[in-house]
2 protein chains.
Amino acid sequence: MTTPAGRASAGRTPTERADRPEHAARPERTERADAARNRLRILDAARRLLAADGFAELSLDAVAKEAGVGVGTVYRRFHNRAGLVYALIEDNETRFQEAFARHCGDGAPSAYERLRAFLHGMAELVDDNRELLLLAEASAPAGRYHSTPFRRHHEQVVGMVTELAPGVDAAYLADLLLMAYTPGLFDFQRTERGWDVDRIKGGLDALIAGIGAAPPVTPCAG
Amino acid sequence: MTTPAGRASAGRTPTERADRPEHAARPERTERADAARNRLRILDAARRLLAADGFAELSLDAVAKEAGVGVGTVYRRFHNRAGLVYALIEDNETRFQEAFARHCGDGAPSAYERLRAFLHGMAELVDDNRELLLLAEASAPAGRYHSTPFRRHHEQVVGMVTELAPGVDAAYLADLLLMAYTPGLFDFQRTERGWDVDRIKGGLDALIAGIGAAPPVTPCAG
DNA sequence: GCACCAACCGGAGAGGTCTCCGCTTGGCGT
DNA sequence: ACGCCAAGCGGAGACCTCTCCGGTTGGTGC
């Protein structure tokens, strides 16, 4: 998300700037050197603080101090705590995508198997990053739906579901499937309900097996 | 935006963490008269403020002032903002339960029809209380799973699913079905995706129809 | 080089959440 | 009636998030 597309700015006179809506189609400016340096510093400081103090709390004031920048700089860059945490998350997401692609690239399995592999992979990913995801959710519960990882996951699941069961509302089902990995729910199931990851995988397996097997409304016996 | 639940100062305080299941679990001790009076005052003040200023913000300082009590009193009673908001929600929940019972009490429809009615009713309930639910979720995303309404809903859905499809993991499926009404998701679907309530109802209908129709794992063809 | 200026920086301050703790009081036993 | 005391009260204060804005600087056109 952070890679700047190096595009030189066309010289603009200040008068032009006034009569156009500011955030309409702002061409991507290259990030200034000091800004880039500070962004890295902040991300690094956050990781350090998280590792040291645990995931229960993450004060952006503290992050700023650790990074050696002012608070304003942190907020300018990441908007709010949720923004910072989501930026941290994108990293892990990349690794997941690679693993999933590797898993599905060869052999080209059926849609069912790919969906199953995806869902199982998600279970492991969420389990591994539980604390960070919980922090992200606590910071901005609704932020998830707008996040790059969620959107990408949704797209992928829609594709597989469409292939698996052409009749169903794939977009809706994808939402629901992804909701299985809402951090708070997942943690509640693992911790409070005492379920292991296999139970969750199994529940999802059964669900998608049913979907793949049965036409959406008419019963099998019919 | 707002800090999740607790402050977690250096030394752990002996006071209980906030996201415990205890909202409605009042100890057997009878509430003192002044405490009861203040609780009502606070609830009332909160409703008044919400109606007047909108649901975007609800400062407990302001609630305390409006109620004519100290901040400490508010926090003693409701632990944190989430607690106060969930207390407000329980009210609407009661009305929903009554409607659902009335709907299902006579005629004793099939499990499928009862589940369908329940899910549709939830859709309306969530749609009607979107703002309040969003506020609750923002205050404590994980608090939902511990709340009395969620637990009751879960129990009810488990019962209906068990009856409908004895082979499946009813507890897991109930979780998933209820996640369809996560406030953030629902609002995202309605607002951002531009879906209407019927689309959501329809998606759920198809899902439970499939579940009722197909045996959990073996495909029809087998 | 040099001048210009948009983007960037930093930190004071507004406003919120929640805790701490000394004072007050309702309800009970006698 | 009366005394006791756990439960309740209130608000100062610690700490946090996020905004605002005057001063600074990297990168560009000339």
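By convention in this document, chain letters (A, B, ...) are assigned in the order of the sequence lines, proteins followed by strands, and residues within each chain are numbered from 1.
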Subject >> Between C1' of D:dA6 and CD of B:Glu31, the distance in whole Å >> reply: 15 Å

Subject >> Whole-Å gap separating P (C:dC8) and CZ (A:Arg41) >> reply: 16 Å

**OP:** Please report the closest heavy-atom contact between B:Ala67 and B:Ile42, naming both atoms and the distance.
**Re:** CB-CA, 3.9 Å

Original post:
Counting only non-hydrogen atoms, which of residues 42-60 of chain B are less than 4.0 Å from DNA chain C?
Top reply: B:Leu58, B:Ser59, B:Leu60

**OP:** Decide, yes or no, whether a salt bridge links A:Lys65 with A:Asp61 under the criterion of side-chain N to carboxylate O below 4.0 Å.
**Re:** no

**OP:** Mind calculating the distance between CG (B:Leu135) and P (C:dT17) to the nearest angstrom?
**Re:** 10 Å

Please list, pair by pair, any protein nitrogen or oxygen found under 3.5 Å from a nitrogen or oxygen in nucleotides 9-12 of chain C.
{"residue": "C:dC9", "atom": "OP1", "partner": "A:Asn38", "partner atom": "ND2", "Å": "2.5"}
{"residue": "C:dC9", "atom": "OP2", "partner": "A:Arg77", "partner atom": "NH2", "Å": "3.1"}
{"residue": "C:dC9", "atom": "N4", "partner": "A:Arg76", "partner atom": "NH2", "Å": "3.1"}
{"residue": "C:dG10", "atom": "OP2", "partner": "A:Gly70", "partner atom": "N", "Å": "2.9"}
{"residue": "C:dG10", "atom": "OP2", "partner": "A:Thr73", "partner atom": "OG1", "Å": "2.6"}
{"residue": "C:dG10", "atom": "O6", "partner": "A:Arg76", "partner atom": "NH2", "Å": "3.4"}
{"residue": "C:dG11", "atom": "O6", "partner": "A:Gly72", "partner atom": "N", "Å": "3.4"}

Subject >> Qualifying ring pair (Phe, Tyr, Trp, His ring centres under 6.0 Å) pairs with a residue from residues 115-138 of chain A, counting only residues at least two apart or across chains >> reply: A:Phe96-A:Phe118, A:Phe100-A:Phe118, A:Phe118-A:His153

Original post:
Does A:Tyr86 use its side chain to pair, donor to acceptor, with the backbone of A:Arg144 at less than 3.5 Å?
Top reply: yes

**OP:** Please state how far atom OH in B:Tyr75 lies from atom P in C:dC21, giving the value in whole angstrom units.
**Re:** 18 Å

Subject >> B:Glu90 and B:Arg152 ion-paired at < 4.0 Å >> reply: no

**OP:** For the side chain of B:Ala33, starting at C-beta, report the closest nucleotide among D:dG26, D:dT17, C:dG26.
**Re:** C:dG26

Original post:
Expressed in angstrom and rounded to an integer, what is the separation of A:Phe78 atom CZ from D:dT19 atom P?
Top reply: 15 Å

Original post:
More than 12 non-hydrogen atoms from neighbouring residues, nucleotides or ligands closer than 6.0 Å to CD on B:Glu192, yes or no?
Top reply: yes

Original post:
To the nearest Å, how far apart are B:Asp61 CG and D:dG13 C1'?
Top reply: 12 Å

Subject >> Trace of the side-chain contact (heavy atoms from CB on, under 4.5 Å) decision for A:Val197 with A:Arg190 >> reply: CA-CA 7 Å; A:Val197 180; A:Arg190 299 273 287 114; 3.5 Å; yes

Original post:
Salt-bridged, B:Lys201 to B:Glu124, with N to O below 4.0 Å?
Top reply: yes

